Enquirer: 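Following this message is one structure expressed as structure tokens.
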Amino acid sequence: MIPLLQELIAIPSFSREEGAAADLLQARLAEQGLPMHRTGNNLWCSTEGEGPVVLLNAHIDTVRPAAGYTRDPFRPTLEGDRLYGLGANDDGGSVIAMVRAYRILSSRPQSYRLVLSLTAEEEVTGTGGIEMLFPLIGPVSLGIIGEPTGLRMAVAERGLMVLDCTAHGVSGHAARDEGKNAIYAAMEDIRRLLSFDFGRPSDLLGRVKTTVTMIKAGTQHNVIPDTCSFVVDVRTNEHVTNAEVLAGISRCLNADVKARSTRLGSSGIAPDHPAVLRGLGLGLEPFGSPTLSNSAVCPFPTLKIGPGDSARSHGPDEYICLSEIEEAVNVYVKLLDGLEI
């Protein structure tokens with residue numbers, strides 16, 4: 001399966017441009033006796049039988065190469081245990097580990113129907129990704145989301161909301177004491193935002209986190225700007241909804257506040273879920289993840305776990321260790337084999 005990962009790395013598979021990668025996977029897996037259904041650039045297959053559905057999911061899209069790469073991101077390079085290349089860690093390692101785990105688990109009697117899905121548009125949380133499969137595979141009881149977590153169990157995950165804010169002023173000549181500077185109005189709002197307490201902190205995810213990430217104002221040096229726009233990245237925990245946080249921020253600021261979307265709320269799984277209890281019995285460490293994944297759009301309990309390290313994702317000279325993939329296969333099998341849900 002490692003040669004397949006090397007082939008996958010060599011094909012650019014940016015979000016919404018995954019067609020060639022999906023073609024490769026579909027062809028290679030069919031050659032290996034694992035025919036896959038296809039919807040858009042999403043691939044899936046399922047075991048036969050009745051019972052609750054357990055979904056294995058990894059994504060085939062990547063971000064674009066980061067600045068600072070010292071290697072060709074599309075030239076897979078194996079050095080000892082490390083395989084370098086764009087998408088090796090996020091999320092190629094999980095793709096390969098889940099395919100292998102599916103083969104093992106599907107060869108044994110299980111009390112559930114197992115579905116393997118390799119999906120698109122995860123990096124942009126697009127509607128052309130995993131959500132396209134839900135009507136096709138039916139209700140899901142448990143999702144295992146493959147992401148580089150160092151094989152720790154992400155039992156909770158922060159939600160995401162992006163806010164476009166516009167502070168207003170009155171234009172005037174910069175040389176005279178006239179007008180109202182919208183930049184200063186935005187600065188006051190940003191100070192309010194930094195000190196605003198949403199309450200309801202989470203043991204796993206902490207407090208709601210807001211970060212101003214972009215700001216824009218002005219047309220020329222001698223004109224006081226009458227508008228100043230800024231973008232706020234909001235990461236929510238499981239105790240508050242995005243709609244609640246949006247309402248609180250809107251009341252706190254004088255600026256106009258508009259959410260691009262409120263659909264990506266916090267996600268997770270109950271601490272007494274059989275999969276979590278099985279994982280704890282295996283010595284897997286639970287944690288709350290600050291990063292978003294396909295869990296955000298899954299309307300069912302999800303456990304995020306996979307080979308690799310999140311710190312390697314989206315940076316230069318990305319790599320996965322082959323030993324991490326092997327370990328992930330064993331963990332997935334031990335986690336799910338004979339599980340009653």
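The structure displayed is predicted, hence computed values, not measured ones. Numbers here simply count residues along the sequence, with the first being 1.
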Enquirer: Take Gln6 and Leu8 through the side-chain contact (heavy atoms from CB on, under 4.5 Å) test and state the conclusion after the steps.
Expert: CA-CA 5 Å; Gln6 292 173 308; Leu8 193 60; over 6 Å; no

Enquirer: Are Phe134 and Phe300 an aromatic pair by the rule of ring centers under 6.0 Å?
Expert: yes

Enquirer: Look at the side-chain heavy atoms of Ile, Leu, Val, Met, Phe, Trp and Tyr, link any pair under 4.5 Å apart, and say whether Val329 and Ile145 land in one connected group.
Expert: no

Enquirer: For the atom pair CG (Leu118) and CG (Asp61), what is the distance rounded to the nearest 0.5 Å?
Expert: 11.5 Å

Enquirer: Is there a side-chain contact (heavy atoms from CB on, under 4.5 Å) between Ile183 and Ile215? Walk through the geometry before answering.
Expert: CA-CA 9 Å; Ile183 294 177; Ile215 190 165; 5.5 Å; no

Enquirer: Could you give me the CA-CA distance, side-chain angles and deciding distance for Glu147 and Arg152, then say whether salt bridge (charged side-chain N to carboxylate O under 4.0 Å, His left out) is met?
Expert: CA-CA 10 Å; Glu147 288 282 344; Arg152 296 187 299 157; over 6 Å; no

Enquirer: Considering only NZ, NE, NH1 and NH2 on the basic side and carboxylate oxygens on the acidic side, decide whether Glu318 and Arg71 come within less than 4.0 Å.
Expert: no

Enquirer: Hey, are Arg191 and Asp189 close enough for a salt bridge, meaning a charged N less than 4.0 Å from a carboxylate O?
Expert: no

Enquirer: Can you hop from Phe230 to Val257 via hydrophobic side chains spaced under 4.5 Å?
Expert: yes

Enquirer: Got a sec: does the CD of Glu50 have more than 12 other heavy atoms crowding it under 6.0 Å?
Expert: no

Enquirer: Would you give the length of the straight line joining atom CG of Asp317 to atom CG of Asn89, rounded to the nearest 0.5 angstrom?
Expert: 12.5 Å

Enquirer: How far does OG of Ser313 sit from CG of Asp91, to the nearest 0.5 angstrom?
Expert: 8.0 Å

Enquirer: Run the salt-bridge test on Arg278 and Glu340 with the 4.0 Å N-O cut-off and return the result as yes or no.
Expert: no

Enquirer: Looking at every heavy atom in both Thr47 and Tyr102, which two are closest together, and how far apart are they?
Expert: N-OH, 3.3 Å

Enquirer: Can you find a side-chain donor-acceptor pair between Asn237 and Ser202 that sits under 3.5 Å?
Expert: no

Enquirer: Do the charged groups of Glu238 and Arg158 touch, with an N to O distance under 4.0 Å?
Expert: no

Enquirer: Might you point out which heavy atoms bring Ala296 and Ser267 nearest each other, and give the distance in Å?
Expert: N-OG, 4.0 Å

Enquirer: Less than 3.5 Å apart, any donor N or O on the side chain of Lys304 or Ser289 sitting next to an acceptor on the other?
Expert: yes

Enquirer: Quick test of your reading of the model: are Asp90 and Arg312 salt-bridged, counting only N-O distances below 4.0 Å?
Expert: no

Enquirer: Between Leu336 and Tyr112, is a side-chain contact (heavy atoms from CB on, under 4.5 Å) present by the stated rule, with each step listed?
Expert: CA-CA 10 Å; Leu336 294 177; Tyr112 52 81; 3.5 Å; yes

Enquirer: Check the hydrophobic clustering (I, L, V, M, F, W, Y; side-chain heavy atoms under 4.5 Å; chains of links allowed) and say if Met187 and Leu163 are grouped together.
Expert: no

Enquirer: Could you walk me through whether Tyr319 and Thr77 pass the side-chain contact (heavy atoms from CB on, under 4.5 Å) test, one step at a time?
Expert: CA-CA 9 Å; Tyr319 69 89; Thr77 305; over 6 Å; no

Enquirer: Strictly distance-based, threshold 3.5 Å: is any side-chain N or O of Asn42 a donor or acceptor partner for the main-chain N or O of Gly128?
Expert: yes

Enquirer: Leu105 and Trp44: same hydrophobic cluster, using ILVMFWY side-chain contacts below 4.5 Å?
Expert: no

Enquirer: Hey, is Glu31 close enough to Arg28 for a salt bridge, meaning N to O under 4.0 Å?
Expert: yes

Enquirer: Please say whether more than 12 non-hydrogen atoms of neighbouring residues, nucleotides or ligands are located less than 6.0 Å from CZ in Arg75.
Expert: no

Enquirer: Taking all non-hydrogen atoms of both residues into account, name the closest pair between Ser13 and Ala21 and its distance.
Expert: OG-CB, 3.5 Å

Enquirer: So that I can tick it off, tell me whether Arg82 and Glu324 are bridged by a salt bridge, with the cut-off set at under 4.0 angstrom between side-chain N and carboxylate O.
Expert: no

Enquirer: Just wondering, more than 12 heavy atoms not from Phe74 lying within 6.0 Å of its CZ?
Expert: yes

Enquirer: For a quick test of reading the model, state the closest non-hydrogen atom pair linking Gly315 to Ala66 and the distance between them.
Expert: C-CB, 3.8 Å

Enquirer: Only one of Asp226, Asp256, Asn254 passes side chain to side chain donor-acceptor pair (under 3.5 Å) with His168; say which it is.
Expert: Asp256

Enquirer: Show, in sequence, the C-alpha distance, side-chain angles and deciding distance for Glu157 and Arg235, and conclude whether the salt bridge (charged side-chain N to carboxylate O under 4.0 Å, His left out) test is met.
Expert: CA-CA 9 Å; Glu157 182 179 278; Arg235 303 287 170 154; over 6 Å; no

Enquirer: Take atom CD in Glu188; do more than 12 heavy atoms of anything else shown fall under 6.0 Å from it?
Expert: yes

Enquirer: Could you tell me whether Glu123 and Arg16 make a salt bridge, using a distance below 4.0 angstrom between a side-chain N and a carboxylate O?
Expert: no

Enquirer: Testing the basics here: between Gly308 and Ile320, what is the closest heavy-atom pair and its distance to 0.1 Å?
Expert: CA-CD1, 3.5 Å

Enquirer: Does any donor atom in the side chain of Lys209 or Thr211 lie under 3.5 Å from an acceptor atom in the other side chain?
Expert: yes

Enquirer: Would you say the side-chain atoms of Asp233 and Thr213 include a donor-acceptor pair closer than 3.5 Å?
Expert: no

Enquirer: For the residue pair Asn222 and Gln220, confirm or rule out a side-chain donor-acceptor distance under 3.5 Å.
Expert: yes

Enquirer: With respect to Val245, which candidate in Thr262, Thr236, Thr210 satisfies the side chain to side chain contact (heavy atoms under 4.5 Å, CB included) definition?
Expert: Thr236

Enquirer: How close do Ser46 and Val115 get, heavy atom to heavy atom, and via which atoms?
Expert: OG-CG2, 3.8 Å

Enquirer: Please say which of Leu56, Thr302, Leu55, Leu114 ends up in a side chain to side chain contact (heavy atoms under 4.5 Å, CB included) with Ile144.
Expert: Leu56

Enquirer: Can you tell me how far apart SG (Cys252) and CZ (Phe198) are? Round to the nearest 0.5 Å.
Expert: 7.5 Å

Enquirer: Go through the side-chain N and O atoms of Asn57 and Glu122 and say whether any donor and acceptor fall under 3.5 Å apart.
Expert: no

Enquirer: Hey, which of Arg260, Lys258, Lys216 is the one that makes salt bridge (Lys or Arg N to Asp or Glu O under 4.0 Å) with Asp164?
Expert: Arg260

